[in-house]
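Fair warning: this is a prediction, and the values are worked out from it, not measured in the lab. FYI, the numbering just counts along the sequence from 1.
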Amino acid sequence: MVEELTLLESRRIKAALMMARLTTVKTLAGFDFAFQPSLDKNRIMALAELKFIERAEVVHLLGPPGTGKSHLATALAVEAVKAAKSVYFSTLADIIASLAKAIALPPLSHGRWLRLETPEALDPAGC
């Protein structure tokens with residue numbers, strides 16, 4: 001029975017990761033905090049508790065290329081998926097490109113943007 005539940009949970013997580021558009025799975029355990037000593041590990045671990053989602057707060061990860069923003073955003077998205085939160089992962093560049101395409105379409109086509117309002121966690125920062 002426990003094995004069956006574990007298998008079902010594993011399948012749920014795998015499907016949710018695909019729906020979230022997470023092409024790679026990163027974890028907080030796999031992040032090298034020593035590489036970024038200016039980063040507050042306690043603050044990141046507090047974000048992993050996902051209370052910001054419950055409070056409908058936005059998290060922005062800012063910094064120069066190669067500093068781990070995408071890794072952290074992906075790891076937080078994975079934590080949200082594991083907590084059965086609805087997640088949609090997209091880069092800011094992808095969102096802007098989709099908006100540019102949507103502007104060129106007739107107004108009735110704009111309904112596809114309604115789906116961006118449904119996820120509990122949305123990361124538009126990693127570009």
Side-chain angles (χ1 to χ4, degrees):
M1 180 70 159
V2 173
E3 289 178 15
E4 187 177 327
L5 289 174
T6 303
L7 181 62
L8 287 173
E9 179 66 4
S10 177
R11 285 182 181 163
R12 181 197 66 79
I13 290 172
K14 185 177 180 179
L17 290 172
M18 288 175 46
M19 293 288 292
R21 296 184 59 220
L22 289 166
T23 55
T24 60
V25 175
K26 304 281 185 171
T27 63
L28 290 175
F31 187 78
D32 184 7
F33 284 94
F35 177 72
Q36 285 299 336
S38 63
L39 190 60
D40 184 354
K41 181 177 180 178
N42 292 330
R43 181 177 266 175
I44 299 301
M45 298 314 277
L47 286 172
E49 294 174 8
L50 308 175
K51 292 180 182 169
F52 70 94
I53 295 173
E54 295 165 16
R55 295 187 302 257
E57 294 176 347
V58 177
V59 174
H60 297 279
L61 302 173
L62 304 173
T67 56
K69 297 179 304 296
S70 292
H71 184 127
L72 290 173
T74 302
L76 290 173
V78 168
E79 290 299 316
V81 164
K82 288 179 181 177
K85 303 291 184 189
S86 175
V87 176
Y88 183 82
F89 189 90
S90 183
T91 65
L92 184 57
D94 287 342
I95 291 172
I96 290 171
S98 293
L99 276 172
K101 286 180 187 175
I103 289 170
L105 296 173
L108 292 177
S109 311
H110 294 173
R112 93 183 216 33
W113 282 97
L114 294 176
R115 73 185 173 114
L116 288 180
E117 295 176 18
T118 29
E120 296 168 281
L122 171 69
D123 170 52
C127 56

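- A 4.5 Å side-chain heavy-atom check between Asp40 and Ile44 finds every atom pair outside the cut-off.
- Expressed to the nearest 0.5 Å, how far CZ of Arg55 lies from CD1 of Ile53 amounts to 10.5 Å.
- In this structure, Ser10 contributes its side chain and Thr6 its backbone to no donor-acceptor pair below 3.5 Å.
- For the residue pair Phe89 and Ala77, the shortest heavy atom distance occurs at CD1-CB, 4.4 Å.
- A salt bridge does not link Lys51 to Glu54: none of the charged nitrogens lies less than 4.0 Å from a carboxylate oxygen.
- The two residues Arg21 and Tyr88 come nearest to each other via the heavy atoms NH1-OH, 3.1 Å.
- When all heavy atoms of Ala80 and Val87 are compared, the closest pair comes out as CB-CG2, 3.6 Å.
- A distance of 7.5 Å separates CG of Leu22 from OG1 of Thr24, quoted to the nearest 0.5 Å.
- Inter-residue side-chain proximity for Ile13 and Lys82 is flagged as met; some heavy-atom pair is nearer than 4.5 Å.
- Leu47 and Phe33 fall within a single hydrophobic cluster, where Ile, Leu, Val, Met, Phe, Trp and Tyr side chains are chained together by heavy-atom contacts under 4.5 Å.
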**Asked** Yes or no on side-chain contact (heavy atoms from CB on, under 4.5 Å) for Lys14 and Arg11, after CA distance, side-chain angles and deciding distance?
**Response** CA-CA 5 Å; Lys14 185 177 180 179; Arg11 285 182 181 163; 5.6 Å; no
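- Linking Ile, Leu, Val, Met, Phe, Trp and Tyr residues whenever their side-chain heavy atoms come within less than 4.5 Å places Leu28 and Val59 in a single cluster.
- The two atoms that bring Thr67 and Phe31 nearest to each other are O-CZ, 4.1 Å, heavy atoms only.
- Taken from OG1 in Thr23 to CE in Met18, the straight-line distance is 12.0 Å, to the nearest 0.5 Å.
- Scanning both residues, Lys69 and Leu62, for their nearest heavy atoms gives CD-C, 3.5 Å.
- Cluster membership for Met45 and Leu76, using ILVMFWY side-chain heavy atoms within less than 4.5 angstrom, is shared.
- Nearest heavy-atom pair, Ala34 versus Pro37, reported as atom, atom and distance to 0.1 Å: O-CD, 3.4 Å.
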